[in-house]
Amino acid sequence: MNTTANEVLAFVKENEIKIIRLGFCDLFGTQKNISIMAGELPAAFERGVSFDAHAVQGFRGVIRSDLLLFPDPATLTLLPWRPGPGRVARFYCDIRHPDGTAFPNDGRVLLKRVVRRAEAMGYVCKVGAECEFYLFKTGEDGEPTGTPLDRGGYLDVAPLDRGGDIRREICLTLEEMGLQPESSHHEQGPGQNEIDFRFSDALACADNLQTFKTVVKAIAARGGLFASFSPKPVPDAVGSGLHVNLSLAQNGLNIFKNLGEGHSGVAESFIAGILSKTPEITLFLNPIANSYERFGRFEAPEYVSWSHQNRSQLIRIPAAMGEKVRMELRSPDPSLNPYLAFALILAAGLDGIESGAALPPAVDADLFTADESVTKPLTRLPDSLEKAIALAEKSELVKRVMGEELLSVYLSVKKPEALSFSAAKDKAAFHRERYFGVI
């Protein structure tokens, strides 16, 4: 065990923590965990904790099904809704083979690899997430209904907004866990909310996003509600996006800081790389059939374009000053696996830097109402899961970042899902049965 692990063990003992949750997510972003007693933590640091990877979608076959979870000491946090006696702490874990080598289908491994590439090029990528979600009432059996908590709209207050107390509790809980929520509000849809937290490095942001979703669901359930991260849970209302904000630091300075005054060449190439590759990585930014019902409506993008401040674009440069200047990618949604998504987004940007990609002219138009003369020359985002699969399957970037074996496993699950959705006569019923109560 290293010094950090020793410090963690001392903290666990001093704070009378009894239960340790070892968290990870499957290939599709679904969160999993194993609980161990605190006395088993030293062995977990040294030898890992075994689990049946065959039972986790997208991991291993039945013949060699054992994998090991190794807790990352840097991710220790207490779960405030599990107070003492019997306090509970949680770690995120790296996944390894029994011989100690990294499991290549672990999204954290992929993201760490891309982060190291960025560091070798002299850059640290800062990532911030703006995550939207809906709150629904539950029935007498505790199961979610399709009835939103309220009929509020954008930035409404009580009594139209009934989610204020829930958001407050979520923000305070996140703060207790070491995250830094910056703002929260009612969003445009009935029962729709948004909480934004401070940017961090790419791996920490992915971990924090998983923590955020856990906290939201736990606090909502405690209040007798169901929190949905489905991209389009209410057919005729605004969808839920996961806007990903990115900037690059070099020698501790944000190279995006001059974007509003003539633009940094490296920043332009980074943006250009992401802009050009977004269609082929869309499968991993918008991974379920329901994702594609969101595009092109209610400020969700439809075309591959960029501009300053313009919310009809795929990428916009928000009005900001100094260290907060960044680019915002507006197509992703909360159903994604953040480790895979961030790895691919960052890799696309780094490719743009290496190739000196030129940023095309900004499209300063409202693309939701623009004339065909404006939109016809623009590349469209894929408008179905099937089309996104086809683009990913041909992508050199996806194959290079994920590896052909991992991509094959991912597609072996997503292709039947796309076919099932296409064959479904009642798309709304498909969504309710396949996604609504799960995501």
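In this chain, numbering begins with 1 at the start of the sequence shown.
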Could you please spell out the steps behind the side chain to side chain contact (heavy atoms under 4.5 Å, CB included) verdict for Val114 and Leu350? CA-CA 9 Å; Val114 178; Leu350 297 177; 4.2 Å; yes
Under 3.5 Å donor-acceptor, Thr173 side chain and Glu169 backbone: yes
Please confirm whether the backbone N or O of Phe70 pairs with a side-chain atom of Asp94, one donor and one acceptor, at under 3.5 Å? no
Output for pair (Lys399 NZ, Glu405 CD), nearest 0.5 Å, gives 15.0 Å
Answer yes or no: is there a donor N or O on one side and an acceptor on the other, between the side chain of Lys414 and the main chain of Ile389, under 3.5 Å? no
Test item: side-chain donor near acceptor, Glu299 and Ser312, under 3.5 Å: no
Donor-acceptor pair, distance only, cut-off 3.5 Å: does the side chain of Gln192 make one with the backbone of Gly239? yes
Aromatic ring proximity, centroids under 6.0 angstrom, Phe270 and Tyr123: no
N/O donor to acceptor pairs below 3.5 angstrom from side-chain atoms of residues 429-439, sequence neighbours left out:
unit_1 : atom_1 : unit_2 : atom_2 : d
His431 : NE2    : Ser230 : OG     : 2.9
Tyr435 : OH     : Ala289 : N      : 3.2
Tyr435 : OH     : Glu417 : OE2    : 2.5

Under 3.5 Å, which donor-acceptor pairs do the side chains of residues 148-159 form with other protein atoms, sequence neighbours left out?
unit_1 : atom_1 : unit_2 : atom_2 : d
Asp150 : OD1    : Gly152 : N      : 3.1
Asp150 : OD1    : His186 : NE2    : 2.8
Asp150 : OD1    : Gly191 : N      : 2.8
Asp150 : OD2    : Arg162 : N      : 3.0
Asp150 : OD2    : His186 : NE2    : 3.2
Asp156 : OD2    : Gly153 : N      : 2.7

Does Met177 form a side chain to side chain contact (heavy atoms under 4.5 Å, CB included) with Leu79? I'd like the steps, not just the answer. CA-CA 7 Å; Met177 297 177 73; Leu79 301 187; 3.7 Å; yes
By side-chain hydrogen bond (donor to acceptor under 3.5 Å, both in side chains), Asn33 pairs with (sequence neighbours left out) none
To the nearest 0.5 Å, tell me how far Leu246 CG sits from Ile271 CD1. 9.5 Å
Carefully, step by step, assess Asp351 and Arg400 under the rule salt bridge (charged side-chain N to carboxylate O under 4.0 Å, His left out). CA-CA 11 Å; Asp351 281 2; Arg400 171 163 40 91; 2.6 Å; yes
For Asp207 and Tyr339, does a side-chain donor sit closer than 3.5 Å to a side-chain acceptor? yes
Atom pairs and distances, side-chain donor-acceptor, residues 340-348, under 3.5 Å, sequence neighbours left out:
none

Would you tell me whether Gln313 and Ser307 have side-chain atoms, one donor and one acceptor, within less than 3.5 Å of each other? no
Between Arg222 and Lys217, is there a donor-acceptor pair closer than 3.5 Å when you use the side chain of the first and the backbone of the second? no
Side-chain donor or acceptor of Ser408 paired with backbone N/O of Glu404 under 3.5 Å: no
Please answer whether the main-chain N or O of Ser247 pairs with a side-chain N or O of Asn254 as donor and acceptor at a distance below 3.5 Å. no
With sequence neighbours excluded, what pairs up with Phe133 under the ring-ring contact (aromatic ring centres under 6.0 Å, His included) test? Phe229
Residues Asp72 and Arg108 bridged, charged N to O under 4.0 Å: yes
Going by atom types alone, do Asn310 and Arg316 pair a side-chain donor with an acceptor below 3.5 Å? no
Answer yes or no: is there a donor N or O on one side and an acceptor on the other, between the side chain of Asp426 and the main chain of Ala428, under 3.5 Å? yes
Whether Arg90 engages the ring of Tyr92 as a cation-pi pair (distance to the six-membered ring centre under 6.0 angstrom, angle to the ring normal within 45°) should be assessed. yes
With a 6.0 Å cut-off (strictly less than), is the heavy-atom count around NZ of Lys18, excluding the residue itself, greater than 12? no
Provide the closest heavy-atom pair for Pro334 versus Leu242 in the form atom of the first, atom of the second, distance. N-CB, 3.8 Å
For residues 118-141, which residue pairs qualify under salt bridge (Lys or Arg N to Asp or Glu O under 4.0 Å), counting only residues two or more places apart or in two chains? Glu130-Arg326
Let me know which of Asp333, Asn286, Thr282 forms a side chain to side chain donor-acceptor pair (under 3.5 Å) with Ser291. Asp333
Does Tyr410 have its ring centroid less than 6.0 Å away from the ring centroid of Phe284? yes
Looking only at side chains, do Thr214 and Gln31 share a donor and an acceptor under 3.5 Å apart? yes
For Phe59 and Phe103, take the angle between the two ring planes, folded into 0 to 90°, and tell me which bin it lands in: parallel under 30, tilted 30 to 60, perpendicular over 60. perpendicular
May I ask you to check whether over 12 heavy atoms, not counting those of Gln250, lie within 6.0 Å of atom CD? yes
Any donor-acceptor pair under 3.5 Å from Lys112 side chain to Gly107 backbone: no
Taking the basic N atoms (NZ, or NE/NH1/NH2) and the acidic carboxylate oxygens, is any pair closer than 4.0 Å for Arg330 and Glu328? yes
Exceeds 12 heavy-atom contacts within 6.0 angstrom, atom NZ of Lys13: no
Give a yes or no on whether the backbone of Val409 and the side-chain of Ser412 come within a donor-acceptor separation of less than 3.5 Å. yes
Should we count CG of Asp165 as having more than 12 external heavy atoms under 6.0 Å? no
Could you check whether Glu386 and Ser422, counting side-chain N and O atoms only, form a donor-acceptor pair closer than 3.5 Å? yes
